[in-house]
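Side chains are part of it too, since the values below use all heavy atoms of this structure and drop only hydrogens, waters and symmetry mates. Residue numbers begin at 1 in each chain, while the letters A, B, ... track the order of the sequences.
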There are 2 protein chains.
Amino acid sequence: MQADHDIPDDQQRDGTEGFVSSYLLYLLAAASEAASAQFHAHVRKAGLRVPEWRVLAWLHDRDGEMITRLALISLIEQSRLTKIIIQMEERGLVTRQGDKADRRRVRVWLTKSGRDLSQQLVADARQHETGLLSKLEGGDAARLKQALITLLDVLENDSTA
Amino acid sequence: MQADHDIPDDQQRDGTEGFVSSYLLYLLAAASEAASAQFHAHVRKAGLRVPEWRVLAWLHDRDGEMITRLALISLIEQSRLTKIIIQMEERGLVTRQGDKADRRRVRVWLTKSGRDLSQQLVADARQHETGLLSKLEGGDAARLKQALITLLDVLENDSTA
DNA sequence: GCAATAAGTATGAAAATTCATATAATTGCG
DNA sequence: CGCAATTATATGAATTTTCATACTTATTGC
């Protein structure tokens with residue numbers, strides 16, 4: 001088995017067989033990566049790291065979120081988010097406020113400048129998404145989204161997950 | 001607008017509105033993350049980091065791949081992959097061999113122990129995937145995969161991507 | 001056949017992320 | 001009430017990852 005170390009032909013087909021190329025977790029990761037590459041480059045040009053953009057986007061939808069939930073939603077580990085929020089505060093994008101009702105909690109609010117930036121980027125994201133979806137045929141776009149939502153749903157309410 | 005910093009109700013709906021919760025790039029990232037969490041934990045228990053598992057999985061399908069392509073497929077930046085491969089070599093999972101026809105290239109081959117491990121993990125992954133897909137109704141699973149493949153396809157052969 | 005350019009990999013310093021844990025506040029309950 | 005368990009965030013050291021670039025080998029155009 002490969003004892004003689006044959007050199008594979010690099011010009012050949014690009015993964016239309018084998019395990020990986022049709023493995024759901026791989027397809028999800030690869031699709032996520034590929035779909036995001038362009039917009040993430042835009043985000044970096046705007047001077048933000050991807051996690052920072054995620055925070056701004058979420059606060060755009062719902063300002064004053066607490067750290068733990070923001071971390072969960074933004075797919076960022078908690079202690080990292082704490083550091084990121086502190087940096088964003090130093091840059092004047094957000095402010096942190098202790099929650100009066102539960103003083104363990106820290107709530108994060110957009111500043112004026114943070115809100116301006118988030119609105120700009122959300123607009124950009126919407127436009128980019130429209131372009132992306134327009135490349136899919138007919139109902140494919142809607143079906144894809146629906147399938148992802150269903151998957152997320154199944155994963156959330158699942159004891160064995 | 002939030003001028004008085006009202007405290008949001010944390011018990012309320014979980015993102016069924018707003019921009020983020022139906023944004024394609026978010027759905028992809030969140031679904032990928034959520035779907036992978038369980039299996040990635042398994043990978044770590046087996047003593048591997050996720051990128052190492054990806055390398056093993058790909059070599060399982062096609063041994064003797066070169067660094068650059070392995071990096072592309074495994075969603076790992078090249079210089080990082082070089083380091084990972086060196087570590088995997090030290091652990092006896094793979095060997096590196098200069099390509100005789102093009103001496104710039106380095107090809108990576110599974111060792112016996114690497115092959116054993118990759119086969120075990122691929123079997124585990126198949127089983128895990130089956131469990132996951134079985135939670136989706138009827139043709140949903142196949143449709144989701146097909147949609148992802150289509151999306152990847154569109155992204156690959158796209159000048160504006 | 002010789003520059004010049006490109007392709008493939010490696011390297012080291014800088015930046016980031018993770019991990020374990022500390023600190024502080026709240027909740028549950030006997 | 002009082003104490004144990006739980007929740008929320010922060011912190012620092014260790015590890016990972018990135019970034020720019022060096023280095024080597026191939027390819028291309030004259």
Side-chain angles (χ1 to χ4, degrees), chain A residues 7-11 29 33 36-37 40-41 43-45 47-55 58-59 62 64-91 94-109, chain B residues 7-11 29 33 36-37 40-41 43-45 47-55 58-59 62 64-91 94-109:
Chain A
I7 295 168
D9 175 9
D10 279 324
Q11 310 322 316
E33 182 110 337
S36 301
H40 284 178
V43 165
R44 280 184 221 95
K45 271 179 218 141
L48 293 175
R49 289 170 296 179
V50 170
E52 291 171 329
W53 148 239
R54 290 199 169 131
V55 166
W58 185 257
L59 294 179
R62 182 202 293 239
E65 194 60 89
M66 55 184 275
I67 298 276
T68 306
R69 268 173 59 88
L70 206 44
L72 224 67
I73 291 155
S74 305
L75 314 174
I76 307 173
E77 189 268 334
Q78 178 266 314
S79 75
R80 175 141 96 101
L81 181 62
T82 290
K83 286 164 187 163
I84 288 171
I85 295 294
I86 291 171
Q87 293 169 22
M88 291 176 77
E89 183 167 48
E90 285 165 356
R91 285 182 55 183
V94 300
T95 60
R96 294 189 297 162
Q97 295 237 340
D99 183 324
K100 279 159 199 158
D102 184 339
R103 283 160 40 232
R104 293 170 302 181
R105 297 181 175 179
V106 171
R107 295 195 173 275
V108 184
W109 303 89
Chain B
I7 295 169
D9 174 9
D10 278 322
Q11 310 324 318
E33 183 110 335
S36 301
H40 285 177
V43 164
R44 280 184 222 96
K45 272 180 218 140
L48 294 175
R49 289 171 295 180
V50 170
E52 292 170 328
W53 148 239
R54 290 196 169 134
V55 166
W58 185 258
L59 294 180
R62 183 202 292 242
E65 193 59 271
M66 55 185 275
I67 298 277
T68 306
R69 267 174 57 90
L70 207 43
L72 225 68
I73 291 155
S74 306
L75 315 174
I76 307 174
E77 189 266 337
Q78 178 265 313
S79 76
R80 174 142 97 100
L81 181 61
T82 289
K83 286 165 187 164
I84 287 172
I85 294 295
I86 290 172
Q87 294 169 21
M88 291 177 77
E89 183 166 47
E90 286 164 355
R91 285 182 56 183
V94 300
T95 59
R96 294 189 296 162
Q97 295 237 338
D99 183 324
K100 278 159 197 157
D102 184 340
R103 285 165 33 233
R104 293 170 301 182
R105 297 181 176 179
V106 171
R107 294 195 174 275
V108 184
W109 303 89

If you round to the nearest 0.5 Å, how far is CG of B:Leu75 from CG of B:Leu81? 11.0 Å
Write down the distance between CG (B:Leu75) and P (D:dT18), rounded to a whole number of angstrom. 12 Å
Would you kindly give the CD-to-P distance between A:Gln78 and C:dA22, to the nearest whole Å? 15 Å
Look at B:Arg96 and C:dA10 and indicate whether a side-chain polar atom (N or O) is within less than 4.0 Å of OP1 or OP2. yes
Show, in sequence, the C-alpha distance, side-chain angles and deciding distance for A:Arg54 and A:Val43, and conclude whether the side chain to side chain contact (heavy atoms under 4.5 Å, CB included) test is met. CA-CA 10 Å; A:Arg54 290 199 169 131; A:Val43 165; over 6 Å; no
Rounded off to whole Å, could you give me the CG-to-C1' distance for the B:Leu81 and C:dT9 pair? 10 Å
Nearest whole Å is fine: how far is D:dT16 C1' from B:Arg44 CZ? 13 Å
Heavy-atom nearest nucleotide on DNA chain C for B:Arg80 versus A:Ile76: which residue maps closer to 5'? B:Arg80
At under 4.0 Å between heavy atoms, how does the protein contact nucleotides 24-29 of chain C? Give one character per nucleotide, 5' to 3', with B, S or -. -BS---
Distance, rounded to the nearest Å, where B:Ile86 contributes CD1 and C:dG12 contributes C1': 13 Å
Expressed in angstrom and rounded to an integer, what is the separation of A:Gln87 atom CD from C:dA16 atom C1'? 9 Å
Taking atom types as they are modelled, is there a donor-acceptor pair under 3.5 Å from the base of C:dT18 to the side chain of A:Lys83? yes
Roughly how far, to the nearest 0.5 Å, is CD1 of B:Ile67 from OG of B:Ser74? 10.0 Å
The side chain of B:Ser79 lies closest to which of these nucleotides: C:dA10, D:dC19, D:dT11? D:dC19
What is the separation between atom CD on B:Glu77 and atom C1' on C:dA15, rounded to the nearest whole Å? 14 Å
Just to verify, what does B:Arg49 make a salt bridge (Lys or Arg N to Asp or Glu O under 4.0 Å) with, not counting sequence neighbours? B:Glu52
Hits for side chain to side chain contact (heavy atoms under 4.5 Å, CB included) against B:Glu89, two or more places apart or cross-chain, chain-then-number order -> B:Val94, B:Thr95, B:Arg96
The nucleotide from D:dA10, C:dT9, D:dT16 with an atom nearest the side chain of B:Arg49 is D:dT16
Find the distance B:Glu89:CD to C:dT9:P and express it as a whole number of Å. 14 Å
Please test B:Arg44 against B:Val50 for side chain to side chain contact (heavy atoms under 4.5 Å, CB included), starting from the C-alpha separation and ending with a verdict. CA-CA 7 Å; B:Arg44 280 184 222 96; B:Val50 170; 4.0 Å; yes
Got a second to check how far A:Arg107's CZ is from A:Asp102's CG, nearest 0.5 Å? 8.5 Å
